[in-house]
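Chain letters run A, B, ... following the sequence lines, proteins first and then strands; every chain starts at 1. All values reported here derive from a predicted model rather than from experimental measurement.
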Amino acid sequence: MLDAALSSYGAHVVLAISSDENHPPENIIDGKTETFWISTGMFPQEFIIRFPDNMNISTVSIHSYNIKRLRIEKGTSEDADKFEAVADTEFEQTESSLQANDISVNVSNTTHLRFFILSGYDHFVSVHKVSVQS
Amino acid sequence: MVKLRAKCVVVGDAAVGKSTLCQMFRSDGAVFQKNYTMNVGVELLEKSVSIPDTSDTVEFYIFDSAGREPFADACENMWKQPSVVCVVFDISSEVSFTSSGRWIDRLRSHCDGLHVPGVLVGNKSDLAVRREVDGAEARAWAQTHGLEYHETCAREIGQFEAPFLSLARAFHSLYQDQMQIVQSLV
Ligand SMILES: Nc1nc2c(ncn2[C@@H]2O[C@H](COP(=O)(O)OP(=O)(O)OP(=O)(O)O)[C@@H](O)[C@H]2O)c(=O)[nH]1
Ligand SMILES: [Mg+2]
């Protein structure tokens, strides 16, 4: 399901700070790189993707622009407030193309993924597409 | 409609009028404190401004820092990743102007290599008879350091808004530039 829109599987972005109404967080999971969510200032930035069922996820693929440091955490439905870091990575800067990164996470039985953008190559960072592979 | 958020770090020597400027801005001129209360840490203030001719706003998170050591030093860990910066001096104190370079250097080390818009504010312009810093000289200095220069009397309506408005505009225009780049890639 790497290339499918997560939203077609019933996934939702349940939390995202920042607000440009032309670029809502749902754009992250619509399966297209043309649409995006963009942060509107300050770090860190965070968003959470909730899945309809428990998922086993080996890899998270993310298309973005100007993200520097990213941490991914997993959550479980039993305890919505509890998150555990599963990846902490630094992306390379790109200029004339989006950043495309596959991040190995190897999580089982998770219902939420939380994305923490800790720093950027610009004040504003965009996320175009997140997809997952079991 | 876009709501931007900007972390604005305000620094400068003790008693130059940083807190007065920030409080007046935050309260739209309602709070003027005549008596000096020295900052011993960072005071956080929130204030939104509209960008003229747009429906967009910038919400400032102002980090009003202490000017006197060792309190200033202790503030420094709050300066991470600023969106915009504001360096204030007192036009009746040459010493406070000379310090500006040191303040800006200290701030830059927290900017992660990003381009961070900044203003240099020559405050207490009402004390013209005691002026020790030439306005033109301060403006030229600001320019060489990539800062926009403003002279203010923090206690006067119509004066304390200008530096913040110029920071808001600069940050907003960075957003628009970035948006254009992103849109050209997709
Ligand atoms: N004449 C005049 N006095 C001012 C002006 N702005 C501030 N003051 C006075 O200067 C004194 C110091 O102002 P503050 O705003 O507390 O100074 P500060 O830069 O925050 O000082 P620290 O917190 O110690 O770093 C106060 O007594 C203010 O009333 C101004 O524009 N003109
Ligand atoms: Mg103060």
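The side chain to side chain contact (heavy atoms under 4.5 Å, CB included) test with His63(A) singles out one residue from Ile28(A), Thr33(A), Asn101(A), and that residue is Thr33(A). Checking Val130(A), Ile57(A), Val86(A) one by one against Ile72(A), the side chain to side chain contact (heavy atoms under 4.5 Å, CB included) holds for a single residue, Val86(A).
Ring geometry, Phe97(B) versus Phe89(B): the interplanar angle falls from 30° to 60°, so the pair is classed tilted.
With respect to chain B, the highest number of heavy-atom pairs below 4.5 Å among Glu34(A), His123(A), Glu21(A) belongs to His123(A). Ranked by heavy-atom pairs under 4.5 Å with chain A, the first of Val58(B), Ile181(B), Val2(B) is Val2(B).
Taking 4.0 Å as the cut-off between side-chain N and carboxylate O, Arg71(A) and Glu84(A) do not count as a salt-bridged pair. One finds no salt bridge joining Lys80(B) and Asp112(B) here, because no Lys/Arg side-chain nitrogen approaches an Asp/Glu carboxylate oxygen to under 4.0 Å.
Along residues 163-179 of chain B, the residues that come nearer than 4.5 angstrom to chain A, judged on non-hydrogen atoms, are Phe171(B), Leu174(B), Tyr175(B), Gln178(B), Met179(B) in order of number.
Checked against a 6.0 Å centroid threshold, the rings of Phe47(A) and Phe115(A) count as neighbours.
For Trp79(B) and Ser65(B), the side-chain atoms include at least one donor-acceptor pair closer than 3.5 Å. Donor-acceptor pairing under 3.5 Å is recorded for the side chains of Ser64(A) and Gln99(A).
Using a 4.5 Å cut-off between heavy atoms, Phe124(A) contacts chain B through both its backbone and its side chain. For Val116(B), the parts sitting under 4.5 Å from any heavy atom of chain A are the backbone and the side chain alike. In this structure, chain B has a heavy atom under 4.5 Å from the backbone of Tyr121(A), while its side chain stays farther away.
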